[in-house]
Amino acid sequence: EKQRLQLKLNEKVHFRLFNRLVDDNHVAEALDVYERFDKVFKANKFDINHYQKVIAFYILNDDLSKSLDTLQEMHLSGIQMTPEIGIGLMEACVRKENYISALNIYDM
């Protein structure tokens, strides 16, 4: 019981830390904290704004594969892509000459 409570506390602290880092545009640090969350926690706590910022941060870091992985996690959580996310990802795919992924995103 004590371990479960500690885990929940750590998740809350990390979630607050993540939000603060995102708000202050500390890209690398925010992504580091984001990657520590498990998928269940992200599915329960993250909303479209969180995912949009994470995807944008990965695009800024020139990491298309993690951007696309985050999009997939977002969809598995039941969150629909916004036009801003779609356009940003399509542009990133075209820059990386990943035309198939760009078309798949367009079809969503």
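Only a predicted model underlies this, so the values are computations on that prediction, with no experimental measurement involved.
With sequence neighbours excluded, no residue forms a side-chain hydrogen bond (donor to acceptor under 3.5 Å, both in side chains) with Arg95.
The hydrophobic clustering, which links ILVMFWY residues whose side-chain heavy atoms are closer than 4.5 Å, places Ile59 and Tyr99 apart. If you chain together hydrophobic residues whose side chains sit under 4.5 Å apart, Val94 and Tyr106 never meet in one group. Residues Ile87 and Tyr58 fall within the same hydrophobic cluster, defined by Ile, Leu, Val, Met, Phe, Trp and Tyr side chains chained together at heavy-atom separations under 4.5 Å. Leu60 and Val22 fall within the same hydrophobic cluster, defined by Ile, Leu, Val, Met, Phe, Trp and Tyr side-chain heavy atoms under 4.5 Å apart, directly or through other members.
Closest approach of Gln80 and Ile48 over heavy atoms only: O-CD1, 3.3 Å.
The aromatic rings of Tyr34 and Tyr51 sit perpendicular, their planes meeting at an angle over 60°, well past the 30° parallel limit. Aromatic ring orientation, Phe46 versus Phe18: tilted (interplanar angle from 30° to 60°).
Between Glu35 and Lys66 there is a salt bridge, since at least one side-chain N of the basic residue sits less than 4.0 Å from a carboxylate O of the acidic one. A salt bridge does not link Asp38 with Lys42: every distance from a Lys NZ or Arg NE/NH1/NH2 to an Asp or Glu carboxylate oxygen is 4.0 Å or more.
Looking only at distances, a side-chain donor or acceptor of Asn44 sits under 3.5 Å from a matching main-chain atom of Val40. Not a single donor-acceptor pair under 3.5 Å links the side chain of Asn49 to the backbone N or O of Gln52. Remark: the backbone N or O of Glu11 is not paired with any side-chain donor or acceptor of His14 at under 3.5 angstrom.
For the side chain to side chain contact (heavy atoms under 4.5 Å, CB included) criterion with Ile85, the lone passing option out of Thr70, Ile55, Ile79 is Ile55.
In this structure, Leu31 and Leu21 have side chains that are not in contact, with every pair of non-hydrogen atoms separated by 4.5 Å or more. The side-chain heavy atoms of Leu68 and Ile105, taken from C-beta on, include a pair separated by under 4.5 Å. The side-chain heavy atoms of Phe57 and Asp63, taken from C-beta on, include no pair separated by under 4.5 Å. Between Ser101 and Leu89, every side-chain heavy-atom pair lies at or beyond the 4.5 Å cut-off. In this structure, Phe15 and His50 have side chains that are in contact, with non-hydrogen atoms separated by less than 4.5 Å.
Distance check: Leu64 CG to Glu97 CD gives 12.0 Å after rounding to the nearest 0.5 Å. In this structure, CD on Gln72 lies 10.5 Å from OG on Ser77, to the nearest 0.5 angstrom.
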Problem set entry | Worked check of side-chain contact (heavy atoms from CB on, under 4.5 Å) between Glu29 and Asp24 | CA-CA 10 Å; Glu29 295 87 350; Asp24 292 343; over 6 Å; no
Problem set entry | side-chain contact (heavy atoms from CB on, under 4.5 Å) between Lys53 and Val27, intermediate numbers included | CA-CA 9 Å; Lys53 288 177 181 170; Val27 175; over 6 Å; no
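Neither side chain, Ser67 nor Asp69, offers a donor N or O lying under 3.5 Å from an acceptor on the other.
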